[in-house]
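Sequence lines set the chain letters: A, B, ... in the order given, protein chains first and strands last, and positions in each chain run from 1.
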Amino acid sequence: MDDDWAVPADDLTPAQRAAVEHFEGPLLVLAGPGSGKTRVITRRIARLIERGVRPWEILAITFTNKAAREMAERVQSLLPGSRIWVSTFHRFCSRILRERGAAVGLQPNFSIFDTGDQQQLIKQVLHDLDFDASHFPPGKLLHRISQAKNELLTPENYALRYGEGIGTHLEAVVAKIYPLYQKRLLEANAVDFDDLLVHVAILLNDNDGLRNELDERYRFILVDEYQDTNKAQYQIVAALSQIQPNLCATGDPDQSIYGWRGARIENILRFEQDFPEVKSIRLEDNFRSTPEILKTADALIANNIHRKAKRLQTGNASGEPVEMRLYRDGQDEATGIANEIRALVEAGERQWKDFAVFYRVNSLSRTLETAFARLKIPFQVAGGVAFFERMEVKDLLSYLRLIENPLDRIAFLRVVNTPTRGIGKSSLERLTRWAASTGTSLLDAARQPGQVPDLPKKAAVQLRAFASLIDEFTDLMIGSRNSPRDEESLLDHEDVEELSEEGHAAVGLIERLLRAILQRTGYASQFTDDRDEVALARLSNIEELVSAARLYDVQESATEGGPTLTGFLETASLAQDIDSLDEATGAVTLMTLHAAKGLEFPVVYIIAVEQNLIPHERSLRENDPRQLEEERRLLFVGITRAEEKLVLTHTQRREMHGRSLSTIPSDFMHELIVTRKDHTGVDEFQFGDDTSSEFHDPDHDSIDQSSDLHHSEPAYERYPSVSDFSQKRKKTKGSLGIPGLEGLNLTTGAALQAGTNDAVELPKGFSVGMQVRHPRYGLGTVVDVSGMSRRRTLTVEFEVGDRRESFVESKCPLQPVGLR
DNA sequence: TAGGTGATTGTTTTT
DNA sequence: CAATCACCTA
């Protein structure tokens, strides 16, 4: 959707123009998919500025960082020099809290705890309260606490509502855990994701002065994706729109897909009651998709009962029918899609970046990734194992966190013995206990280990050394801040040389700090000894983190505040999966349906349209029609991302947790207007040499069973039996335990998995000289085999890049080439 | 104390 | 199949 800013307002529809031109007072824009909502918002902001509103009086909230960045750029390019602040709710709240958090007990350098940090913290709390973590899974407790926070329930109020004897057993436990959890967060000068919103909501609620000040300051507020705001976000927006009710909410109830994390679709539905003076505008013309795609989207969403009916119309030219394909299994599905994409690109019809593949759960990306890699198709994956959550990245970030916020006990415990310094579990236990009893922070306790009873001498020495190390880093940070161009004594020769080779670019604050940490802790050398895949991946992640730091340094040095540790850590904490996506990159995009919101692609595949995935098993459990409707909306969002071509797929069998299970078609299948194609009779090649022209176009063999299967059966009467999942698992489990099989190395673990119910497959039996293929490194030759049994190790020389790698046979993703 | 092993466990989606 | 965890040994 390219905006042509040169054209004034005559490229807008009447409805769009009305939204752009509306000046003061509340405005609700109900925007169907592809109706030019983003363009309306940017235009509107520009128009406000034209009318004399100061850029800093405008607050624009988007759903993603990426959208925020793009929106700021668009406004900038429309009205050069007008910098407006666009951000996500979480980022906005974080900024408020850095400035005004004292009232809720936060210092400006507070840490933001991610899910992993929360888990650690809740485990400590359970430990301290003598609860058994195995009986009260931390994840469940955290979920409850999160729900409570989303409802703005403080620990006290939660206890009042759900305390002993009032709620369920679990709730009673949460009522005990939650207060201490919250106390520990504040003691660590930290917040979790929910707190960012909750603290601000409470701040605004309790502090009229602050509320009025900010209300006046943000005269015009625009909130996108309003259908996905939760109670806290609602309250924040409402609090800032009292004196100046110039609130513009945009969104689409049919695209509300975050109910599970507290989003309230009602917020948008009742906007008109909340702001009686509201001007409401509906954008119903779709400029994105073909009529075929729109028709199937409309047919699907029409099955939602709790919904305001809406027209979806387009003047776009007719295109291909929407396809519903059946494959045999996930492998075939992935290979089939990969082959088709490759063929279309090679025929010159499409570019790689025209394609996107969506799936319901992240785990479905793996098969796709492997197939794409094998067929040498460039692709990018949104999310998956997020970069900032990788172990080595988190370790290094934890050093930074501890430097920034010495009270951050989670960060302390993470790095105090990383890399190992001989500070063991029991020493830390003693340290922690003493610190708690004296009210000392862990880092301060480590500075005076002599005070801690029963601490082994070695541990005491090491703790003191660790504390001085952190002090060193802190000095470095302060020093750098004051004189960023000083020569760094902590940098070793290599770094200095590297620097001078790169010219005179001064190393920025964060990069300098990271390099110092790496150098002084020897962190990276843990991985430099090994030459295995994992170690290499870790090293490259470290590299990537340093690059990210450098990028941040460079970008921020242009701003008034310059780079700060807080800023960098915040960027890392609030990073989103899709931030890293790059439209310009010539690659196919893989992502979850949730991540797809707000995006568009010429060709879209949605895979695994199967019962228990779409709709997801967990949304069927409680037999709650509202949850089912959210699943339907999720599929609706996916479908409406497609511009020209849409292919939905499902399979007969699907691998889950290493088991192959037969699938049930999605209930939504019958609600869609699609052309069905059967690809199960087709032999998709698996290990073929892809230099040959063995490509098999499935379409030529496929049977067009029927077109337009549009049943009108209501879906809600046919909930599936979910239980057979676990039953099947138990049944097959026993057959795997064939005694001695693995020890004799008759076969690999992977082959065993594949051949469970039928005959055990032949062993892979790699031998020297054999041609093999690796999903990432490509073709290679086995040059050495050593070790026995499960230690059996292969060394492979790859054709590309002079690469030589070793793998443990039972674990490596190598495939023999030329075997069937 | 560290590192490895075996066993058990789980599990949507994300800030 | 992972990731995590409790336990075991050097």
Side-chain angles (χ1 to χ4, degrees), chain A residues 63-65 87-94 112-116 118-119 123 133-134 137-140 143 146 149-150 191-198 228-230 232-233 257-263 358-364 366-367 382-386 388-389 391 417-428 456 458-459 462 526 570 572-579 591-597 608 612-621 627 630-631 633-635 637-638 655-660 725-726 729 733 736-737 742 749-750 752-754 790-791 811 813:
Chain A
F63 203 70
T64 67
N65 298 308
S87 80
T88 63
F89 262 111
H90 286 84
R91 217 170 260 279
F92 169 72
C93 290
S94 180
I112 299 173
F113 280 5
D114 71 10
T115 319
Q118 294 182 62
Q119 296 260 353
K123 278 181 202 159
S134 62
K140 268 210 175 84
H143 179 66
S146 175
K149 289 186 176 182
N150 283 328
V191 298
D192 62 24
F193 289 126
D194 299 315
D195 281 344
L196 286 169
L197 308 172
V198 173
D228 280 320
T229 51
N230 64 21
Q233 292 164 331
I257 55 176
Y258 283 95
W260 52 272
R261 68 173 205 210
F358 303 153
Y359 33 84
R360 178 64 229 266
V361 295
N362 279 305
S363 61
L364 286 167
R366 190 172 300 271
T367 321
V385 185
F388 288 110
E389 277 158 35
M391 185 247 283
N417 199 32
T418 314
T420 53
R421 319 185 152 86
I423 305 170
K425 211 178 149 193
S426 53
S427 297
L428 283 177
K458 187 185 164 213
Q462 292 289 61
Q526 300 175 87
E570 184 166 303
S573 300
L574 300 182
Q576 293 170 310
D577 290 340
I578 56 156
D579 291 347
M591 66 179 116
T592 63
L593 285 163
H594 282 89
K597 183 159 89 158
N612 297 325
L613 279 166
I614 315 178
H616 193 272
E617 179 196 0
R618 288 175 80 104
S619 65
L620 298 167
R621 281 248 163 94
Q627 284 191 45
E630 180 156 311
E631 294 289 306
R633 291 195 293 268
L634 188 57
L635 183 55
V637 166
E655 294 253 320
M656 291 213 84
H657 320 134
R659 287 280 83 78
S660 172
F725 260 63
S726 46
R729 242 177 110 190
K733 207 164 191 177
L736 263 179
E742 209 177 346
L752 244 185
Q753 296 284 0
R790 73 169 40 122
R791 291 275 172 76
K811 286 182 186 156

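The side chain of A/S426 lies closest to B/dT1, out of B/dT15, B/dT1, B/dT13. Nearest to the side-chain atoms of A/N362 among the listed nucleotides B/dT13, B/dT15, B/dT1 stands B/dT13. Residue A/R366 has its side chain nearest to C/dA2 when only B/dT13, B/dT15, C/dA2 are considered. When the nucleotides B/dT11, B/dT1, B/dA2 are ranked by their closest atom to the side chain of A/N417, B/dA2 comes out on top. Proximity note for A/S427 (side chain, C-beta onward) versus B/dT15, B/dT1, B/dT13: the nearest is B/dT1.
At the heavy-atom level, A/D192 lies nowhere under 4.0 Å from the strands shown.
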Pairs: protein N or O with nucleotides 4-7 of chain C N or O, under 3.5 Å:
unit_1, atom_1, unit_2, atom_2, d
C/dC5, OP1, A/K123, NZ, 2.7

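Remark: P of B/dT13 and CG of A/L620 are 16 Å apart, rounded to the nearest angstrom. In this entry the distance linking NE2 of A/H143 with C1' of B/dT11 reads 13 Å, nearest Å. Between the CZ atom of A/R421 and the P atom of B/dG3 there is a distance of 13 Å, given to the nearest Å. We find that NE2 of A/H594 is positioned 4 Å from C1' of B/dT13, with the value rounded to whole Å. Distance CZ (A/R659) to P (C/dA2): 13 Å, rounded to an integer number of Å. When rounded to the nearest whole Å, the span between CD of A/Q119 and C1' of B/dG10 equals 12 Å. At whole-Å resolution of the value, CZ in A/F63 and P in B/dT14 are 10 Å apart. Following rounding to the nearest Å, A/F113 (CZ) and B/dT14 (C1') show an atom-to-atom distance of 19 Å.
Of all non-hydrogen atoms in A/I423 and A/A459, the two that sit nearest each other are CG1-O, 4.5 Å. Taking all atoms of both residues into account, the shortest heavy-atom contact from A/P615 to A/E631 is CA-OE1, 3.3 Å.
Side-chain to base pairing of A/H657 with B/dT11: one donor and one acceptor N or O lie within less than 3.5 Å of each other.
Look at A/Y258 and the base of B/dT13; the rings do not stack under the cut-offs of 5.5 Å between centres and 30° between planes.
Look at A/T420 and you won't find any side-chain N or O under 4.0 angstrom from OP1 or OP2 of B/dT1. Of the side-chain N and O atoms in A/T592, one or more sit less than 4.0 angstrom from OP1 or OP2 of B/dT14.
Annotation: the span from A/Q576 atom CD to A/T88 atom OG1 amounts to 6.0 Å, rounded to 0.5 Å.
Using cut-offs of 30° and 60° for the angle between ring planes, the A/H90 and A/F193 rings count as perpendicular.
Under the ring pair (Phe, Tyr, Trp, His ring centres under 6.0 Å) rule, A/H594 has a single partner from A/W260, A/Y359, A/F358, which is A/W260.
Residues satisfying the side chain to side chain contact (heavy atoms under 4.5 Å, CB included) criterion with A/Q627, sequence neighbours excluded, are A/S619, A/E622, A/D624.
Using atom C1' as the reference point in both C/dT4 and B/dT13, the two lie 22 Å apart (nearest Å).
Using a 4.0 Å cut-off between charged nitrogen and carboxylate oxygen, A/K597 and A/D228 count as a salt-bridge pair.
If you check the side chains of A/R91 and A/N65, you find a donor sitting under 3.5 Å from an acceptor.
For the pair A/P456 and A/Q118, nearest-nucleotide mapping onto DNA chain B gives the more 5' position to A/P456. Comparing A/I423 and A/T115 by the nucleotide of DNA chain B that holds the closest heavy atom to each, the one mapping nearer the 5' end is A/I423.
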